[in-house]
Number of protein chains: 2
Amino acid sequence: MFSIGELSKRTKVKVPTIRYYEEMGLLAEAERTSGNQRRYDKTGLERLSFIRHARDLGFSIEAISSLIELQEHPDRSCETATDIAVSQLADVREKIKRLKLLEKELIRISKGCDGQGISEDCYVLASLADHELCSREH
Amino acid sequence: MFSIGELSKRTKVKVPTIRYYEEMGLLAEAERTSGNQRRYDKTGLERLSFIRHARDLGFSIEAISSLIELQEHPDRSCETATDIAVSQLADVREKIKRLKLLEKELIRISKGCDGQGISEDCYVLASLADHELCSREH
DNA sequence: TCTTGAACCTCTAGTCACTAGAGATTGTAG
DNA sequence: CTACAATCTCTAGTGACTAGAGGTTCAAGA
């Protein structure tokens, strides 16, 4: 059995974040010492690793909740799990697409001014003021 | 002179968002009718277009504040403006990089399970539980 | 001129996933 | 036994809005 600080070190999840996950119902309520401090074991460690990994991949707390529920019912169909993963993938792809358009536009804008002139002549500011200067939708 | 609803229509920025921008100091306080309703003119329209365009490109409210201040002093050096644009570009590129790693990992994970089996055997859940299954850092 | 109802007003609270800080208590090494 | 680091709970703040309550104003049609 180890403390929340130890769990934090091992999983690289900050202490307040661990407490937050507990409050959100992602982590079961931890056992307590007589002095009311949380104590964890291997199960808690595994669960938190799962959560951290999923968060790193951008899954929402809500999605992780569903995934954990599934994990706790090994006999259930895992269709929901794959659905969640696929939809997360779609989400990520959508974001990449959008960011690439932004990148293109920002490159163009940045190139237009070297920062040596005055505000009045600045292509960055002009571009923002006038959408017509943009090369495409973004 | 036109109403906040009209401004909203023309800029495609929602009414509460316009009020929010005013509160944040991005938009000057609008003139009011005798009945306390906001009225805008061309200047307000241009300013809000600028803000919307910058937001679309992912600039923060704070960054936009700086850009607007510069815009209002046409004689000042525009170095800050280009700095902001360049740093926004770096930011976008960083995000793309990270999302591409996530994409790769999510593709791998999604492919591992067709959702037809049971939770116990699900590769999606197994992958999340065990980081070792990941092909690289993400 | 009057009436209706859409649009407007302010204010508070909620979103997401944490983060920060106050003030009090507990655990542990020396 | 004493320090003091770590823990506890609780509240509030972050960014950029969004939602809703409860009340007022504007403008078009009768």
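The chains referred to below are lettered A, B, ... by the order of the sequence lines, with proteins before strands, and numbering in each begins at 1.
For the OP1/OP2 pair of D:dC8 and a distance below 4.0 Å, the side-chain nitrogens and oxygens of A:Arg38 include at least one atom meeting the criterion. Residue A:Ser3 places at least one side-chain N or O under 4.0 Å from the OP1 or OP2 atom of D:dT7. Checking the phosphate oxygens (OP1, OP2) of D:dG15, no side-chain nitrogen or oxygen of B:Tyr20 falls inside 4.0 Å.
Residues that satisfy the side chain to side chain contact (heavy atoms under 4.5 Å, CB included) test with A:Ile107, not counting sequence neighbours, are A:Glu103, A:Lys111, B:Leu89, B:Arg93. Among residues two or more places apart in sequence or in another chain, the side chain to side chain contact (heavy atoms under 4.5 Å, CB included) test is passed with B:Gln116 by B:Asp114.
B:Leu48 places its CG atom 16 Å from the P atom of D:dA16, with the value rounded to the nearest Å. At whole-Å resolution of the value, CZ in B:Arg55 and P in D:dG15 are 12 Å apart. Rounded to whole Å, atom P of D:dC10 lies 12 Å from atom CZ of A:Arg19.
Both cation-pi conditions hold for B:Arg10 and B:Phe2: the charged atom is under 6.0 angstrom from the six-membered ring centre and inside a 45 degree cone around its axis.
With a 6.0 Å radius and a threshold of 12 heavy atoms from other residues, nucleotides or ligands, A:Glu62 has its CD atom at or below the threshold. Heavy-atom contacts from other residues, nucleotides or ligands closer than 6.0 Å to CD of B:Glu31 number 12 or fewer.
Taking every nucleotide of DNA chain C with any atom under 4.0 Å from a non-hydrogen atom of chain B, the first and last of them, 5' to 3', are C:dC8 to C:dT10.
B:Val15 has its side chain out of reach of B:Leu7: every pair of non-hydrogen atoms, C-beta onward, lies at least 4.5 Å apart. Side-chain contact between B:Arg55 and B:Val13 is absent, with no heavy atoms from C-beta onward closer than 4.5 Å.
For the pair B:Ser119 (side chain) and A:Leu70 (backbone), a donor-acceptor distance under 3.5 Å is present.
Put simply, OG1 on A:Thr17 and CG on A:Leu48 are 9.5 Å apart, with the number rounded to the nearest 0.5 Å.
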Any protein N or O atoms within reach of nucleotides 2-5 of chain D? Criterion: under 3.5 Å, listing atom names and distances.
none

Polar-atom pairs under 3.5 Å, protein N or O versus N or O of nucleotides 26-28 of chain D: list them with distances, or write none.
from, atom 1, to, atom 2, distance (Å)
D:dC26, OP1, B:Thr33, OG1, 2.8
D:dC26, OP1, B:Gly35, N, 3.1

Worked verdict on B:Leu45 versus B:Tyr40 for side chain to side chain contact (heavy atoms under 4.5 Å, CB included): CA-CA 7 Å; B:Leu45 180 66; B:Tyr40 298 90; over 6 Å; no
Verdict with reasoning, B:Arg108 to B:Tyr123, per side-chain hydrogen bond (donor to acceptor under 3.5 Å, both in side chains): CA-CA 10 Å; B:Arg108 202 187 49 72; B:Tyr123 187 69; 2.6 Å; yes
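A:Phe59 comes within 4.0 angstrom of nothing in the nucleic acid, heavy atoms only.
The stretch residues 9-18 of chain B touches DNA chain D through B:Lys14, B:Thr17, each having a heavy atom within less than 4.0 Å of the strand.
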